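Proteins come first, then strands; the chains are lettered A, B, ... in the order of their sequence lines, and each starts at number 1. Note that the structure is predicted; figures quoted are calculated from it, not measured.
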There are 2 protein chains.
Amino acid sequence: MGQLKIRNMEEFAAVSGISRPTVSKYFNDPESVRASTRKKIESALEKHDYHPNVFAMNQNRRKTKNIGVVVPNLADPFFSEIGRRVELACIEAGYSPILLSSHGSPTMERDNLNSLRSLKPAGVLLAPFGRMSDKDAVQAFGADFPLVLFDANMSDTGQAFVGTNNAQSVDLMVEYLCRSGEPPCFFEMKSPSNPNANKRRQAYLESMERHKQTPNIFQADGEGWNFEEIGSVEGGRLLLEKAFSTNTVLCSNDRLAIGMLSAAYGLDLRVGHGADCHLRIAGHDDHPFSRFTCPPLTTIAQDYNAIANRAVSTLFGLLETEERPSDREETLFEGRLIMRDSA
Amino acid sequence: MGQLKIRNMEEFAAVSGISRPTVSKYFNDPESVRASTRKKIESALEKHDYHPNVFAMNQNRRKTKNIGVVVPNLADPFFSEIGRRVELACIEAGYSPILLSSHGSPTMERDNLNSLRSLKPAGVLLAPFGRMSDKDAVQAFGADFPLVLFDANMSDTGQAFVGTNNAQSVDLMVEYLCRSGEPPCFFEMKSPSNPNANKRRQAYLESMERHKQTPNIFQADGEGWNFEEIGSVEGGRLLLEKAFSTNTVLCSNDRLAIGMLSAAYGLDLRVGHGADCHLRIAGHDDHPFSRFTCPPLTTIAQDYNAIANRAVSTLFGLLETEERPSDREETLFEGRLIMRDSA
DNA sequence: ATTAAAAATTAACGCGCGTAAAAATAAGAT
DNA sequence: ATCTTATTTTTACGCGCGTTAATTTTTAAT
């Protein structure tokens, strides 16, 4: 390390033998300076450990290297997992991700977007609540900053959307369940905030019709994010009442299914596709714990990696072109059937 | 809203009828100005929606309102939950939490601390890896910024530590298990990075001795954060080999227990304290999913709220006093026995 | 009304860096 | 060697706000 402490870019420019404006240019984009000067700067960088003051940098720069990442709830493993991958992809590309959780509150989602405004983000990746989101706020934000939605779509909001093709994924599951046993009933929340839930219900109805089966939808009361609890209490009640018209239940998501599995266990109902089983339960999302439920949960795997990477690369595409594309791009990845023991 | 857009503090000071230095003082601490002027500023604030430029603010302020929060792995529900509470407590107090996950990599923990340096945080809350952490880096950081450790302790590092009293909590569980059935074996990872694991093993040994029982420790091979997987594979192998010397297994944490429960289910071993059960399994941490395992997991609840709040309030205490206290404060909260069906 | 203390105003500087314009230099091509 | 073009240097200003010192005003106490 160097002997004297470098206090600012001026001093660093001095010791590296390059003028300050050029050094400034380097820190904005190392490729923008001649290879020989880049080398000088970088060797000085090794000797002196200088970091430009981020606050002074961002104050004057037109666009920062900040990328906002907003998810509805980090406590949900689905979002912590996809948030993780998005974060890493941003770092990989030399950006600074700022991960914000809305902690289950649409109000905080709006607050988070407002906080981000003052950070002048280069762009933002948002997994919105959906119908509970403050649509005006999100749209306004999308008008002011490059905005890519993921997981949950909102019409005419942001410049692009990346998610899973629920129609395809649910059909895949329904097809499998119909082929391998009794046709599935559908279990979901009564008033889901996430638009995927509605897409999945719709997909279930259409798929059942295509298979010439009678659809049967059961909706659980309950608000909030305690999906396992709701799945356990309401699902357990339905099981106890023998409400389900077939021995197969497709849950709108894994967390409901996990709750329902728990209830079934409590009621001594053996879940699975074996001869001695009373009931089949399937989920959707391939929640990290679904491999370890009892029995392991048959589900649909969303392509976390593809969604995260595409969301990030789509945003970077937006950053490069500068001008807003008139067409809103929607990318849907296919779900993959994960056959385990529960169905 | 106001007619003309306010561009900076100068203009805002003008419309509010207060001089800029006083306005600046207000934004630094609203209580520091006379009530009458505060009122003027705040009513102007309502009319004009002006936000001081955070970058310009932080550039010159001695200390920012940023609080760094670093956890080893947000994908672990324990950390996402405690991170959540810490975040909210910071916001509550008017600070800006910056949540960083090290994604299971001690290298990234060091990188995260370095990134935080450039954000001039008022203070930092760190749940370190423990023995895998770059101890020098963490200590150096603690010398430069107010630093409170939580969850995992590191000797002589940071100004305070807040966590759970593993000796007490494990003893509570051992006591319960011995009283209600066969004494527990102990199941853990062979080379745990988290120092709590070592504390728990030690506590198990001491508690067993106190109960005049022979301790039996089983250590699973395996690295990384796939605790459920390790618990399932290694735990399953031990079950199959009938390696455990009693019918009761205390797992070092819930995630291992969840994996083991899954393995037991696969082997058709009935888990629980009922007459028809083969095996008792207990955990530690009261993982959010432990209520929904099959059977629901008997475990120790760490006091998330108390830990989060105390960590935050301890840090704020440090911020106020300014000077570093010579004595490093360690606060341990007691665990609570959560009796469910698995043991 | 007088006075001491508290708070606000005025004026001015600095923080660390982005950026623009003009001049100087270096690199590559002829 | 000459010219063109791409880079760098020099010089200088500005961003938005923190902060200080000297001065004026306000407040509260006598």
Side-chain angles (χ1 to χ4, degrees), chain A residues 4-45 48-66 96 115 117-122 322, chain B residues 4-45 48-66 96 115 117-122 322:
Chain A
L4 69 165
K5 272 273 170 69
I6 305 292
R7 305 196 148 280
N8 52 38
M9 194 179 279
E10 196 81 51
E11 292 186 15
F12 176 74
V15 301
S16 64
I18 301 289
S19 73
R20 188 175 71 77
T22 304
V23 171
S24 169
K25 205 147 171 284
Y26 167 86
F27 279 111
N28 192 16
D29 175 13
E31 299 300 314
S32 71
V33 304
R34 200 186 292 150
S36 58
T37 61
R38 182 162 57 243
K39 204 161 182 178
K40 282 188 194 171
I41 293 176
E42 278 163 0
S43 74
L45 224 37
H48 291 276
D49 147 79
Y50 157 74
H51 298 276
N53 180 313
V54 286
F55 300 115
M57 270 178 65
N58 289 331
Q59 176 173 24
N60 302 314
R61 259 220 252 285
R62 304 212 151 72
K63 42 183 188 176
T64 68
K65 291 279 188 179
N66 297 332
S96 301
S115 310
R117 280 178 181 278
S118 54
L119 295 181
K120 293 196 222 164
E322 196 73 37
Chain B
L4 70 163
K5 275 271 171 67
I6 306 293
R7 305 194 147 282
N8 53 38
M9 194 180 279
E10 195 82 50
E11 292 185 14
F12 176 74
V15 301
S16 64
I18 302 289
S19 72
R20 189 176 69 76
T22 305
V23 172
S24 170
K25 203 145 172 285
Y26 167 86
F27 279 111
N28 192 15
D29 175 12
E31 299 300 314
S32 70
V33 302
R34 199 185 293 150
S36 58
T37 62
R38 184 163 59 242
K39 206 163 183 180
K40 282 189 196 172
I41 293 176
E42 278 164 0
S43 73
L45 225 36
H48 290 277
D49 144 82
Y50 156 75
H51 297 276
N53 181 313
V54 284
F55 299 117
M57 271 178 63
N58 288 332
Q59 175 173 24
N60 302 314
R61 261 220 251 283
R62 305 213 149 70
K63 42 182 187 176
T64 68
K65 292 279 188 178
N66 297 332
S96 301
S115 310
R117 280 178 180 277
S118 54
L119 295 181
K120 292 195 221 162
E322 197 73 38

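Looking at heavy atoms from C-beta onward, A/V23 lies in side-chain contact with A/I41 at the 4.5 angstrom threshold. Side-chain contact between B/L119 and A/V54: present, with at least one pair of heavy atoms (C-beta onward) separated by less than 4.5 Å. Annotation: side chain of B/F12 is in contact with side chain of B/L45 (closest heavy-atom distance under 4.5 Å). Between A/N66 and A/N58, the closest side-chain pair of non-hydrogen atoms falls below 4.5 Å.
Regarding B/F27, its CZ atom lies at a distance of 15 Å from the P atom of D/dG16, rounded to whole Å. Rounded to whole Å, atom C1' of D/dC15 lies 13 Å from atom CD of B/E11. Between A/N8 atom CG and C/dG16 atom C1' there is a gap of 7 Å when expressed in whole angstrom units. Between the CG atom of B/L119 and the P atom of C/dG16 there is a distance of 16 Å, given to the nearest Å. Nucleotide D/dT7 holds its P atom 12 Å from the CG atom of A/D29, rounded to whole Å. Distance, A/N28 CG to D/dT8 P: 14 Å, rounded to whole Å. Look at NZ on B/K120: it is 10 Å from C1' on D/dG18, rounded to the nearest Å. The distance from atom NZ of A/K39 to atom P of D/dT8 is 15 Å, rounded to the nearest whole Å.
Among the candidates B/S24, B/P21, B/S16, the single residue satisfying the side-chain contact (heavy atoms from CB on, under 4.5 Å) test with B/M9 is B/S24.
The base of D/dG16 lies outside donor-acceptor range of the side chain of B/R20, with no N or O pair under 3.5 Å.
No side-chain donor-acceptor contact under 3.5 Å links A/E11 and A/Y50.
Phosphate proximity of C/dG18 to A/S24: present, with a side-chain N or O under 4.0 Å from OP1 or OP2. Neither OP1 nor OP2 of D/dT8 sits under 4.0 Å from any side-chain N or O of A/S19.
Heavy-atom distances to DNA chain C give each of B/I18 and A/E10 a nearest nucleotide, and the one nearer the 5′ end belongs to B/I18. Nearer to the 5' terminus of DNA chain C, by closest-nucleotide assignment, is the contact made by B/R38 (compared with the other of A/R7 and B/R38).
Closest of all the heavy-atom pairs between B/F27 and B/R61 is O-NH2, 4.1 Å. Closest heavy-atom contact between B/P52 and B/M57: CB-SD, 3.6 Å. Across all their heavy atoms, A/R38 and A/V33 have their closest contact at NH1-O, 3.0 Å.
Listed in residue order, the members of residues 51-61 of chain A having a heavy atom less than 4.0 Å from DNA chain C are A/P52, A/N53, A/A56, A/M57, A/Q59, A/N60, A/R61.
Interatomic distance, NZ of B/K120 versus CD of B/Q59, reported as 7.0 Å (0.5 Å rounding). Taking NZ of A/K5 as the start and CG of A/D49 as the end, the distance is 8.0 Å to the nearest 0.5 Å. Atom CZ in B/F55 sits 6.0 Å away from atom OG1 in A/T64 (nearest 0.5 Å).
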Next item on the list: Starting at the 5' end of nucleotides 20-30 of chain D, put B wherever the base has a protein heavy atom under 4.0 Å, S where only the sugar-phosphate does, and a dash everywhere else.
Entry: S-----SS---

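Residue contacts for A/Y50: at a heavy-atom cut-off of 4.0 Å it reaches the sugar-phosphate backbone alone, with no base atom in range.
An angle of 10°, rounded to 10°, separates the two end axes of the helix from C/dA1-D/dT30 to C/dT30-D/dA1, each defined over five pairs.
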